Amino acid sequence: MKCDELLSEIAASVQQRRRQLNLTQKELASMADVSERSVRSLEAGKAYGIGLENLVAILAPLGLCLSCDGVSASKKTLLAQEVGADPQDLKYEALLQQAVASWTNGGEAHGQNS
């Protein structure tokens with residue numbers, strides 16, 4: 001898998017998940033402690049130099065993770081995957097939704113002045 005294909009897969013996963021959680025790019029950036037520009041660049045598939053630490057920081061509040069399924073160059077080699085649907089994961093999903101709800105306050109990012 002080429003780097004731009006991988007980045008496109010991750011970008012789509014991040015954007016889809018952020019929207020599912022009703023987060024703005026600014027809110028996600030705040031939760032991940034990265035710049036809003038980093039989130040925008042990643043979602044646009046243009047974040048080639050984002051760095052692993054920032055990528056993982058952006059994925060974490062979304063309940064996404066990077067996985068490596070071996071050395072093959074398949075689509076599953078390194079891509080952001082949403083948590084599965086077993087009962088424990090559904091419990092995690094509910095906790096994640098609750099954390100996001102407590103982090104945001106009427107659409108305003110946590111810790112910011114109105």
Side-chain angles (χ1 to χ4, degrees):
M1 174 178 272
K2 292 181 179 180
C3 187
D4 20 333
E5 291 172 351
L6 176 61
L7 190 54
S8 290
E9 291 281 336
I10 293 171
S13 295
V14 167
Q15 186 176 63
Q16 177 183 16
R17 185 66 175 148
R18 178 183 59 78
R19 288 179 175 169
Q20 284 175 344
L21 294 172
N22 294 315
L23 291 172
T24 65
Q25 290 176 335
K26 186 175 186 174
E27 289 169 334
L28 176 56
S30 176
M31 294 171 79
D33 198 25
V34 300
S35 69
E36 186 178 352
R37 181 178 180 203
S38 292
V39 174
R40 272 195 321 267
S41 295
L42 178 60
E43 287 189 5
K46 306 290 185 198
Y48 295 103
I50 192 168
L52 188 57
E53 189 172 321
N54 283 348
L55 178 58
V56 170
I58 292 169
L59 296 177
L62 300 174
L64 299 174
C65 64
L66 289 176
S67 68
C68 183
D69 297 327
V71 293
S72 71
S74 70
K75 280 191 170 187
K76 293 184 179 180
T77 301
L78 268 180
L79 69 120
Q81 296 182 345
E82 191 169 342
V83 175
D86 74 26
Q88 189 63 27
D89 290 335
L90 294 176
K91 183 177 179 181
Y92 172 79
E93 177 71 18
L95 289 171
L96 181 62
Q97 290 282 352
Q98 192 174 28
V100 167
S102 70
W103 190 271
T104 57
N105 181 10
E108 295 291 321
H110 179 71
Q112 294 191 354
N113 297 329
S114 299

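Only a predicted model underlies this, so the values are computations on that prediction, with no experimental measurement involved.
- Contact of the Leu23 side chain with the Leu62 side chain is registered, since non-hydrogen atoms from C-beta on lie closer than 4.5 Å.
- The NZ atom of Lys26 sits 15.0 Å away from atom CE of Met31, with the distance rounded to the nearest 0.5 Å.
- We find the OG-CD distance between Ser38 and Gln25 to be 11.0 Å, quoted to the nearest 0.5 Å.
- Within the 4.5 Å cutoff, the side chain of Leu42 has no heavy atoms near those of the Asn54 side chain.
- Rounded to the nearest 0.5 Å, atoms CD1 (Ile58) and CD (Glu43) are 8.5 Å apart.
- Using a 4.5 Å heavy-atom cutoff, the side chains of Arg17 and Ser13 are not in contact.
- In this structure, the separation between CD on Glu27 and CZ on Arg18 is 9.0 Å, given to the nearest 0.5 Å.
- Here the CD1 atom belonging to Ile10 is positioned 7.0 Å from the CG atom belonging to Leu59, to the nearest 0.5 angstrom.
- Residues Leu66 and Leu52 meet the side-chain proximity criterion, which asks for heavy atoms closer than 4.5 Å.
- For the atom pair CD of Glu53 and CG of Asp33, the computed distance is 10.0 Å after rounding to the nearest 0.5 Å.
- Summarising the geometry of Ala32 relative to Ala57, their closest heavy-atom pair is CB-O, 3.2 Å, with the distance given to 0.1 Å.
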